[in-house]
Structures are given as structure tokens and as C-alpha cells.
Number of protein chains: 2
Amino acid sequence: MAETVRPTFLNLPEDKQARIIEAALSEFADKGYQQASLNVIVAHSGIAKGSLYQYFTDKAGIFLYVFDFAIAVVRRLLVQVKDSTLEEDFFTRLERSLLAGLAFIRQHPKIYGIYLKILFDQQVPQRQELLQRVRQYAADYLHSLLRQGLARGELRPDLPVASTVFLLDALLDRFLQAASIPAFDVVLGLDQANAQVLHTRARELLEVLRRGLAAPPPPANL
Amino acid sequence: MAETVRPTFLNLPEDKQARIIEAALSEFADKGYQQASLNVIVAHSGIAKGSLYQYFTDKAGIFLYVFDFAIAVVRRLLVQVKDSTLEEDFFTRLERSLLAGLAFIRQHPKIYGIYLKILFDQQVPQRQELLQRVRQYAADYLHSLLRQGLARGELRPDLPVASTVFLLDALLDRFLQAASIPAFDVVLGLDQANAQVLHTRARELLEVLRRGLAAPPPPANL
DNA sequence: CCATGATATGACCAACTGGTCACATGGAGG
DNA sequence: CCTCCATGTGACCAGTTGGTCATATCATGG
């Protein structure tokens with residue numbers, strides 16, 4: 001793991017660091033890795049191109065530094081939501097997590113933008129490692145919720161744990177994508193829904209998940 | 001809707017057309033829209049750069065033509081799977097659809113690659129329209145399966161239809177992504193699973209969906 | 001053999017890319 | 001005032017991009 005950020009950058013006044021991180025975050029979130037332009041980052045943060053190379057080793061170095069910064073912000077949120085809902089039942093916790101995710105995306109759209117790029121942009125440096133890191137967070141989080149739900153008897157005790165985590169992850173991730181990416185969701189129209197509607201839809205989805213799709217078995221004395 | 005392909009291209013011998021489409025498909029699937037290089041396409045299809053502009057108006061024109069080509073292939077598959085499983089019950093049909101999707105991706109990885117690019121590459125021309133078209137196919141397909149399942153009494157009659165379609169779509173799409181994109185799925189390890197394991201996992205997931213997550217209510221005479 | 005119109009070609013263009021480097025600036029210590 | 005070292009700078013580089021165009025090739029029909 002070679003160093004990507006130079007000490008010079010860390011010596012900079014905080015507001016200057018912030019300006020550069022912000023500019024890089026914007027550009028990478030907007031265009032993805034390869035398509036992002038260092039000239040744009042430099043222009044937006046008001047520094048010279050040469051300075052960028054006093055701060056970081058190369059383009060990949062900038063990206064990786066900004067990615068680490070973004071991940072730290074996300075991790076803080078996950079811990080917070082998890083702790084603040086400890087007493088709730090499983091489905092309420094899921095619902096709260098989903099709504100917290102929505103709020104986070106509205107507050108930090110650029111960080112979410114970077115996540116989406118990493119997901120599918122083949123050319124991101126160390127993509128596989130970054131992707132795995134971020135996916136593992138989500139899985140661990142859901143796993144933990146699920147274990148507690150099982151321990152409390154709120155869930156079918158014979159649930160296959162891994163498959164259930166997979167299912168939950170799929171649903172939650174897709175819900176956030178549907179609410180954020182225009183024209184992505186043609187079924188519920190989440191991309192144009194207000195907070196009220198989103199809340200209702202989230203509840204409804206979780207309720208389907210809770211009860212299952214199958215028709216109830218006919219009464220025994222048919 | 002301006003013309004994107006010139007008549008000259010359609011006059012070409014079929015094998016030459018095929019070579020060009022194949023080269024373009026590969027390059028776009030690999031690199032996405034902006035990052036794809038016309039020079040590479042030209043080199044791989046063995047024609048001169050100038051010729052490309054005798055066949056298509058511009059880069060976007062090539063992309064849109066190739067996209068239409070790809071969509072036609074997918075649509076053929078959907079119709080086929082739908083028809084060949086008409087007599088099966090709802091969950092079997094879902095399972096068959098999922099496995100058909102897997103087989104399709106293995107057979108046409110480039111077409112699936114283009115789909116993934118469109119999903120998240122902001123810079124694809126007419127992205128919103130293309131995205132909506134492809135998402136609508138999936139939704140209609142699932143909607144149709146669901147309606148038949150309801151009509152046959154295989155599903156809870158009080159299921160919220162739209163939300164259920166959303167949920168199914170999320171799960172199926174994610175399953176295919178997990179099986180195709182390395183490091184994407186850290187829960188079930190689908191990216192390295194063989195056909196046998198994939199089949200088992202698909203069954204298990206659908207079973208969770210069928211039965212739901214909730215613990216069964218306690219017997220009435222508690 | 002020529003004329004005509006469609007098709008093929010690749011050198012060329014301006015624009016932009018990530019990255020470099022010789023040099024300017026600034027502030028602290030002697 | 002000079003030295004020294006960290007920091008700042010933007011002109012510059014080679015490489016690549018999407019796109020153009022003057023010219024060459026080819027087939028057809030007279």
C-alpha cells in the first residue's frame with residue numbers, strides 16, 4: 001500500500017484542505033474516475049496544477065484519499081443509526097435505517113455519487129478492494145440487525161441468515177437508488193416522491209417482506 | 001429523433017455490419033460511453049475512421065444503434081421465457097426467469113455490460129430515455145407474472161402489486177449483478193459460484209420471499 | 001474507355017488529458 | 001540582508017480524443 005497523500009497536504013490550513021477535498025469529491029462524483037478532470041478540480045479549488053502534485057502522488061492518490069474521507073463519513077452515520085434504534089423491533093429498525101439512508105443521500109449527494117461510481121465503473125483504481133470494503137459494511141450492519149431480531153423471536157427461527165441478509169441488502173440498496181436516480185424506478189416513481197410518500201412506500205415494502213408473498217395455507221378442516 | 005445510422009451502413013454486406021456492431025458492442029460494454037474509443041472500434045472492425053462517419057452521424061449515433069440492437073436480443077429472450085413457462089406456478093416461473101437471466105448473461109456478457117453502463121453512467125446520450133425503456137420491460141414482465149399468480153390464487157390476494165413488483169425487480173436484478181460483478185456480493189459469494197450453487201441459492205432466496213420474514217403468530221389458544 | 005456516384009481511406013485538426021519542471025514566492029533563523 | 005527550505009506556479013509535454021476532408025478506389029452502365 002503505497003502512500004498516496006503527501007505530508008505537505010496535511011500541513012495545509014484546514015480550510016484549504018477542505019476546499020480541495022470538496023472540489024475533488026464533486027468532480028469524481030459527477031464524472032467517475034477516468035472522466036474526472038484534474039484541471040476542473042484545480043480550477044474549483046483555486047490552486048495550481050503543480051500544487052496538486054505536491055499534495056498527492058497522482059490522480060489515483062487523490063481519488064483514494066477522497067474515498068477514505070467519504071467512507072469515514074458514512075461509517076459515522078451507520079454507527080449512529082444502529083445505536084439510536086437499539087430498543088426498536090427489527091422491522092422498525094430496518095425502516096429507520098432506510099429513512100436515515102435517504103436523509104444521508106439528500107445531505108451528502110456527492111458521497112453517494114462516488115459510491116455509485118465505484119459500484120459499476122470498471123476503471124476505478126483498486127476498485128475491487130474498495131467495493132468489497134463498502135459492501136462488507138452494509139452486510140455486517142444488516143447481519144447484526146438480523147441476529148438481534150432472531151434472538152428476540154421477532155423473526156422465523158428457521159430463516160436462512162445469509163440469504164436473508166442478501167435479500168434485505170438488495171431491497172434497501174435498490175430503494176435508495178430508485179429514490180436518487182431519475183428514470184431508474186418506473187414502478188413506484190420514487191425518484192419524484194416527497195418524504196411523506198417515500199416513508200409510506202418504505203413501510204409497505206417492508207410489510208410485504210414481513211408477511212411474504214404466498215397465500216396462507218387453507219384451514220386444516222377444509 | 002434524428003437519424004443516427006446512415007443508409008450506407010445498411011447497404012453493407014452482413015458480415016461487415018456484424019463485425020462493426022460486435023466491435024462497438026465490446027468497446028462500449030468495456031469502457032462505457034465517453035471512455036469508449038472510436039479508434040479502438042475502428043481497429044477491431046478493420047475499417048478506416050472515415051468510414052465510421054459514412055455509416056453513422058457521430059459517436060452517439062453508433063452507441064444508440066448498438067443499444068437498439070442489444071435491446072432486440074433481450075426482448076426476444078423475455079418473450080421466449082415467458083411463453084415457455086406459462087403452465088408453471090408463480091415461484092417456479094420466477095426461478096426459471098432468474099436462471100434464464102444467468103444463462104443469458106453468460107452467453108451475451110457484452111450486452112449485459114452495456115446495460116450496467118447505462119444504469120449508472122451519467123454521460124450516456126439519451127440515458128434517461130434508454131434507461132426507462134429497459135426498466136419498463138422488466139417491470140411489465142414481472143407485473144404479468146404477478147397478475148397471473150394472483151389470478152391463480154398462488155399469492156396473498158391483498159398483496160400491494162406495485163410494491164411487490166418493485167421488490168421482485170430489486171431481488172432479481174441484484175442477483176444477476178451479484179453473480180456477474182466480482183466483489184459485489186460479499187454475503188453469498190455468488191460471483192464465484194457454479195451453476196449448481198447458483199440454482200440452490202436462487203431457490204432459497206425465493207423461498208424466503210414466499211414465506212416472509214416474520215415469526216408465525218402464536219396459536220390462538222395461547 | 002469513360003463518366004458517374006457511392007464507398008473507402010488515413011493524414012490531419014483543435015481540444016483536452018495526466019503529469020513535469022524550472023522557476024517564483026514566502027517566512028524563519030542567522 | 002542573506003540563506004535555506006517548504007510551498008506555489010503555470011507554461012509545457014506527449015498522448016489521445018471525436019471529428020473532417022481531400023483524395024483514392026470501385027462498380028455500373030453507356
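Chain letters run A, B, ... following the sequence lines, proteins first and then strands; every chain starts at 1.
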Asker: With a 4.0 Å cut-off, would you call B:E27 and B:K31 a salt bridge?
Answerer: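 Here B:E27 pairs with B:K31 in a salt bridge, since their nearest N and O are under 4.0 Å apart.
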Asker: If you look at every strand shown and take non-hydrogen atoms under 4.0 Å, does A:Y55 touch a base, only sugar-phosphate, or nothing?
Answerer: sugar-phosphate
Asker: To the nearest Å, how far apart are A:D58 CG and C:dT17 C1'?
Answerer: 14 Å
Asker: Answer yes or no: does a side-chain N or O of B:T8 lie under 4.0 Å from OP1 or OP2 of C:dT7?
Answerer: yes
Asker: Nearest of D:dG19, C:dA8, D:dG8 to any side-chain atom of B:Y53?
Answerer: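 For B:Y53, the side-chain atoms sit closest to D:dG19.
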Asker: Ring centres under 6.0 Å, that's the criterion: do B:Y55 and B:Y65 meet it?
Answerer: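 Ring centroids of B:Y55 and B:Y65 are no less than 6.0 Å from each other.
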Asker: Quick one: do the A:H199 and A:E95 side chains pair a donor with an acceptor below 3.5 Å?
Answerer: yes
Asker: Using atom CG of A:L12 as one end and atom P of C:dG26 as the other, report the distance to the nearest whole Å.
Answerer: 16 Å
Asker: Check the orientation of A:F67 and A:F63. Use parallel for under 30°, tilted for 30 to 60°, and perpendicular for over 60°.
Answerer: parallel
Asker: Can you check whether B:F104 reaches B:L176 side chain to side chain, under 4.5 Å on heavy atoms?
Answerer: no
Asker: Where the side chain of A:S51 is concerned, which of D:dG8, C:dG18, C:dT7 is the nearest nucleotide?
Answerer: D:dG8
Asker: For A:N11 and D:dT7, is the shortest distance between a side-chain N/O and OP1 or OP2 below 4.0 Å?
Answerer: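 Result: yes.
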Asker: Short of 4.0 Å, heavy atom to strand atom, which residues of residues 33-49 of chain A count as contacting DNA chain C?
Answerer: A:A36, A:S37, A:L38, A:N39, A:K49
Asker: Give the ring-plane orientation class for A:F184 versus B:F120, where under 30° counts as parallel, over 60° as perpendicular and anything between as tilted.
Answerer: tilted
Asker: Can you find a side chain N or O atom of B:K16 that sits less than 4.0 Å from OP1 or OP2 on C:dA8?
Answerer: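 Answer is yes, contact under 4.0 Å.
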